[in-house]
Structure formats: C-alpha cells, structure tokens
Novice: 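Take a look at the following structure, please.
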Amino acid sequence: MNLCRRLWKYILISIILYALIFLNLDRIRTFSSESSAIEFIEIPRNESKTNSFIAHFKDQNHSYQFLTVPKKLCTNNTKLQITILSTAGNFDIRQAIRDTWANPNNSKHVLNNDVRISFIISAVENEFLSFALQKEIEKYDDLIVTSLYESYELLILKVHAILSYKQNYCDSADFQLKIDDDMAVDMDGLFDSLSDKRLANVDAISGIIWKNSPPVREKKHRWYVPTSLYSQKYFPPYIDGPIYLIGRNIIPKMLEEAKNYNQWVIEDVFWTGIIAKALRIKQINWSTHLLRYVIELIPSRLKCSKGKPLIYAVHNMKGPIMIHDGYKKLKGVKCE
Ligand SMILES: *[C@@H]1O[C@H](CO)[C@@H](O)[C@H](O)[C@H]1NC(C)=O
Ligand SMILES: *[C@@H]1O[C@H](CO)[C@@H](O)[C@H](O)[C@H]1NC(C)=O
Ligand SMILES: *[C@@H]1O[C@H](CO)[C@@H](O)[C@H](O)[C@H]1NC(C)=O
Ligand SMILES: *[C@@H]1O[C@H](CO)[C@@H](O)[C@H](O)[C@H]1NC(C)=O
Ligand SMILES: *[C@@H]1O[C@H](CO)[C@@H](O)[C@H](O)[C@H]1NC(C)=O
C-alpha cells in the first residue's frame with residue numbers, strides 16, 4: 001500500500017515535470033538563443049526595397065513586415081491577384097486548394113499567370129511548424145508570411161496586409177480577391193466574369209451584400225461592437241467576408257481612409273462597409289453567383305446562364321475532402 005502510494009507520487013511528479021518542460025520548450029529555446037525560429041525563413045526580395053508597413057488607425061498603429069513573399073511575381077498580363085487567408089497549420093487544406101481550383105493544370109488563366117494565387121499566413125514561433133513551412137515555401141513558392149500574429153481580432157490587420165501587398169507587389173493587376181481557405185472555386189468561370197462591367201469594376205467591391213445588419217451589443221460576443229465605436233442601429237451595407245473582389249483604383253484610398261477610424265474587430269464590416277461607405281465605393285451584388293453552404297451544391301442551384309455556369313464559388317467547405325468534392329461539383333456543370 002505504502003509502496004503503491006509512493007509510486008503514484010513519482011508518476012505524478014514526472015508527469016508534471018514532463019508537461020512543464022515539454023510545453024515550455026519553445027520558450028526555453030527562444031531564451032537560450034537570440035535568433036527566433038521565424039528568422040530562418042529568408043525574404044526572397046530585393047533587399048533595398050523597404051519591406052516594413054504600418055497599419056494606421058486613428059487609435060492605434062501596428063507595424064508589420066512580409067517575412068516571405070513568392071519569388072514568382074505578377075506579370076503585366078496579370079489581371080487578378082487572389083490572396084487566400086490561411087493559417088500556418090492548415091497544410092492539407094492548402095494542398096487541396098493547389099490540387100483543385102488553384103492548379104494550373106485545371107485553369108488556363110492560372111497557367112498563363114493571368115491570375116496569381118497565394119496564401120497569406122502569420123509567422124509561427126514553433127520550430128517544427130516553421131521547418132515544415134520552409135519546405136512548403138521552397139516547394140510551392142506560394143506563401144506570403146507576415147510578422148502579424150494570428151488571432152481573430154487581428155483579421156482586420158491581415159486584410160490591411162493583403163491590400164498593402166497588392167499595392168506594393170502587384171499594383172498593375174485590375175483586381176484583388178480576398179478569399180478564405182474554406183471555399184471551392186470555378187477559377188476560369190470567376191475570371192471570365194471579370195470582363196463583364198456589371199460584375200466587376202476597378203472602382204468597386206463585389207460579393208454578397210448584407211443590408212440592415214444590426215451590430216451585436218452583448219459584451220461577451222465575438223462580434224461585440226461598443227456604441228462608442230459605432231452608435232447607429234444598422235451597419236452600412238457591407239460585403240460578406242469569405243469572398244470579396246476589390247478593384248485596383250480604390251485600394252490606396254481604402255488604406256488612406258482607414259487612418260481616420262478606430263480599429264475594429266469585424267474585418268468585413270470595417271473594410272467593405274464603413275470604409276467603403278466613407279469613400280462612396282460602389283458595391284456589386286454577386287449573390288446569384290456564390291453559394292454559402294454545402295447543401296446548396298444541388299442541380300437546381302448549379303444552373304447555367306447564357307451558356308455558362310452560374311456559380312463561381314461555394315463557401316463552408318470543411319476540410320480537404322469537401323474542397324475536392326465541392327470543386328468537382330462546380331466543374332461538373334455542363335452548359336449548352
Ligand atoms: C532593387 O531595387 C532598387 C530600387 O528599387 C533598384 O535600383 C535595384 O536595381 C534593385 N536590385 C535588384 C537586384 O533588383
Ligand atoms: C500613428 O502614426 C502616425 C504617423 O507616424 C502618427 O502621426 C500617429 O500619431 C500615430 N497614432 C497613434 C495612435 O499612435
Ligand atoms: C509585357 O512585358 C513584356 C516583357 O517585359 C513586354 O515585351 C510586353 O510588351 C509587355 N506587354 C504589355 C501589354 O505591356
Ligand atoms: C500537372 O500535370 C502534370 C502532368 O500530369 C503533373 O506532372 C504536374 O505535377 C501537375 N501540376 C500540378 C501543379 O499539379
Ligand atoms: C442581390 O441579388 C439577389 C438576387 O438577385 C437579391 O435577392 C438580393 O436582394 C440582392 N441584394 C442586394 C443587397 O441588393
């Protein structure tokens with residue numbers, strides 16, 4: 001009995017010790033050496049070009065850098081830049097996207113560099129993850145790594161980074177698409193629609209428009225908006241966050257206008273609602289071309305219009321299998 005109790009004590013102590021050491025390994029390593037894990041990701045860019053950016057808001061400023069950008073650049077025929085919001089650990093989701101809608105074998109416009117697609121992620125301090133990311137960067141050259149840290153509250157900064165990146169690295173492209181990594185896309189269908197002035201304009205934002213949405217006033221809610229930040233009963237019309245297209249001409253204006261407003265948490269309301277309203281930016285309704293749920297991937301929704309598939313993209317693809325499946329269904333639509 002006594003022995004048993006003593007044994008338990010030792011086991012317990014070793015578990016606690018193990019947990020303490022293991023969980024703090026990263027911190028111990030960071031303290032023990034000056035160089036942090038993210039620093040061995042090299043910046044494959046002209047060093048003389050300044051790489052520091054500041055997200056200016058009325059109440060706060062945040063400086064950030066692009067630690068890695070793709071070596072392959074926009075070309076003068078690049079019309080659309082797509083930046084997919086991803087997080088460092090989502091390796092298999094990025095791979096599913098590379099294997100489906102972002103694959104040059106599946107899209108002539110990706111192949112021709114008419115469309116440039118990359119993922120934007122935040123730097124990580126975990127050495128194992130950094131190592132895997134470095135391999136991924138070498139192999140695919142499609143990651144933008146920022147020094148911002150990952151958090152829902154800071155999505156607004158990530159969109160700032162997307163806009164700065166567009167302005168500084170792919171200015172000539174007519175359009176920037178911001179898209180989450182849980183979508184399946186008919187790439188060429190979407191691209192071809194950009195030549196229709198009613199669907200895309202270099203002075204406008206396109207996507208699903210939300211009208212008359214009231215702010216959440218419960219303090220504990222993720223989307224809480226204090227009246228001190230925004231006092232009106234409804235948000236201005238804004239574009240649904242998972243996918244929106246921004247025209248080239250308004251990007252510098254949006255970055256400039258943001259300086260006059262306090263920083264928000266809700267990224268889509270801020271950039272496509274508050275800022276867009278202040279600048280009187282036109283919003284283009286893509287509702288008929290986008291699906292929001294998997295259950296909408298049915299023949300009665302996957303229709304044709306004027307000899308072309310009506311739907312460009314579907315949201316809420318949870319994981320790589322759904323991305324493959326959603327993509328297959330979008331591409332399975334045969335018209336005329
Ligand atoms: C780097 O950029 C500077 C100024 O933008 C330019 O003068 C220089 O030639 C560039 N160097 C390389 C190696 O591209
Ligand atoms: C942000 O930076 C700008 C320019 O450097 C400065 O004028 C402004 O006071 C700063 N704002 C805050 C809240 O720190
Ligand atoms: C695009 O760039 C290539 C190579 O730099 C050049 O030869 C071509 O004239 C350019 N095309 C346009 C439309 O500017
Ligand atoms: C495109 O297809 C070729 C030939 O099947 C294959 O070798 C290549 O890996 C594919 N590229 C991508 C990005 O999947
Ligand atoms: C967008 O278009 C859809 C379908 O035509 C329509 O039901 C919806 O009311 C429109 N939304 C706005 C904000 O105009």
Side-chain angles (χ1 to χ4, degrees), residues 50 52-64 70-72 82 84 91-113 115-119 136-143 156-157 160 164 185 187-188 193 196 198-201 204-214 228-229 234-245 255-264 268-269 272-273 276-277 281-293 296 300-303 305-306 310-313 315 320 323-324 327-328 331:
T50 171
S52 273
F53 296 87
I54 297 177
H56 278 288
F57 299 98
K58 197 169 153 195
D59 59 340
Q60 37 191 316
N61 291 335
H62 303 266
S63 72
Y64 61 90
K71 286 196 192 75
K72 188 179 173 196
I82 298 184
I84 305 166
F91 295 100
D92 51 352
I93 289 175
R94 287 195 288 278
Q95 197 53 46
I97 293 173
R98 286 185 196 111
D99 290 342
T100 55
W101 60 268
N103 192 324
N105 288 349
N106 295 340
S107 158
K108 61 174 192 281
H109 294 296
V110 175
L111 184 67
N112 293 344
N113 218 29
V115 182
R116 283 289 298 137
I117 303 179
S118 36
F119 299 90
E136 190 182 357
I137 288 164
E138 280 165 19
K139 187 157 181 199
Y140 299 106
D141 186 37
D142 60 2
L143 293 189
I156 182 170
L157 302 184
H160 192 284
S164 305
V185 178
M187 194 59 254
D188 288 346
S193 76
D196 184 340
R198 287 162 304 169
L199 292 174
N201 188 303
I205 306 183
S206 313
I208 294 175
I209 304 169
W210 294 123
K211 274 188 174 158
N212 301 326
S213 300
S228 57
L229 187 63
Y234 298 107
F235 288 138
Y238 70 94
I239 313 275
D240 199 25
I243 177 170
Y244 51 83
L245 183 86
L255 290 170
E256 197 54 39
E257 184 65 23
K259 295 177 181 172
N260 303 324
Y261 295 83
N262 287 345
Q263 185 181 325
W264 281 53
D268 49 7
V269 174
T272 72
K277 186 184 174 196
I281 291 170
K282 188 176 173 215
Q283 295 168 324
I284 297 176
N285 187 357
W286 271 9
S287 289
T288 51
H289 300 286
L290 303 174
L291 300 179
R292 296 179 57 223
Y293 300 104
E296 294 179 286
S300 63
R301 301 300 305 271
L302 296 171
K303 286 183 296 199
S305 161
K306 293 170 195 143
L310 188 63
I311 302 299
Y312 313 150
H315 184 219
I323 289 172
H324 276 275
Y327 178 71
K328 210 187 279 172
K331 296 298 283 185

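Treat the numbers as computed from the prediction; the structure is a model and nothing was measured. Order of appearance sets the numbers: ligands from 1, and atoms from 1 within every ligand.
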Novice: Tell me, do His315 and Ile243 make a side-chain contact under 4.5 Å, heavy atoms counted?
Specialist: no
Novice: Could you list each nitrogen or oxygen of ligand 2 that sits under 3.5 Å from a protein nitrogen or oxygen, with the atom names and the distance?
Specialist:
unit_1	atom_1	unit_2	atom_2	d
ligand 2	2 (O)	His56	ND1	3.4
ligand 2	2 (O)	Asn61	ND2	2.3
ligand 2	11 (N)	Asn61	ND2	3.0
ligand 2	14 (O)	Asn61	ND2	3.4

Novice: As an exercise, identify every atom of ligand 5 less than 4.0 angstrom from a heavy atom of Ser287.
Specialist: 1 (C), 2 (O), 3 (C)
Novice: Of the backbone atoms (N, CA, C, O) and the side-chain heavy atoms from C-beta on, which set of Asn103 has a member under 4.0 Å from an atom of ligand 4: side chain, backbone, both, or neither?
Specialist: side chain
Novice: With sequence neighbours left out, write down each residue that passes ring pair (Phe, Tyr, Trp, His ring centres under 6.0 Å) with Tyr327, or none if nothing qualifies.
Specialist: none
Novice: Give a yes or no on this: more than 12 heavy atoms of other residues, nucleotides or ligands lie within 6.0 Å of atom NZ of Lys259.
Specialist: yes
Novice: What distance separates Ile54 CD1 from His160 NE2, expressed to the nearest 0.5 Å?
Specialist: 9.0 Å
Novice: Counting each atom of ligand 5 from 1 as listed, which ones have a heavy atom of Thr288 under 4.0 Å away?
Specialist: 4 (C), 5 (O)
Novice: Looking at every non-hydrogen atom in both residues, tell me the closest pair between Pro70 and Ser118 and how far apart they are.
Specialist: CG-CB, 4.1 Å
Novice: For Asn285, counting its heavy atoms only, list the atoms of ligand 5 lying under 4.0 Å from any of them.
Specialist: 1 (C), 2 (O), 3 (C), 8 (C), 10 (C), 11 (N), 12 (C), 14 (O)
Novice: With rounding to the nearest 0.5 Å, note down the distance linking CD in Glu296 to CG in Leu302.
Specialist: 9.5 Å
Novice: Could you list the residues that satisfy side-chain contact (heavy atoms from CB on, under 4.5 Å) with Ile82, not counting sequence neighbours?
Specialist: Leu80, Ile84, Trp101, Val115, Ile117, Leu177, Ile179, Met187
Novice: Listed by chain and number, what are the ring pair (Phe, Tyr, Trp, His ring centres under 6.0 Å) partners of His289, not counting sequence neighbours?
Specialist: Tyr312
Novice: What atoms of ligand 5 come within less than 4.0 Å of a heavy atom belonging to Ile209?
Specialist: 13 (C)
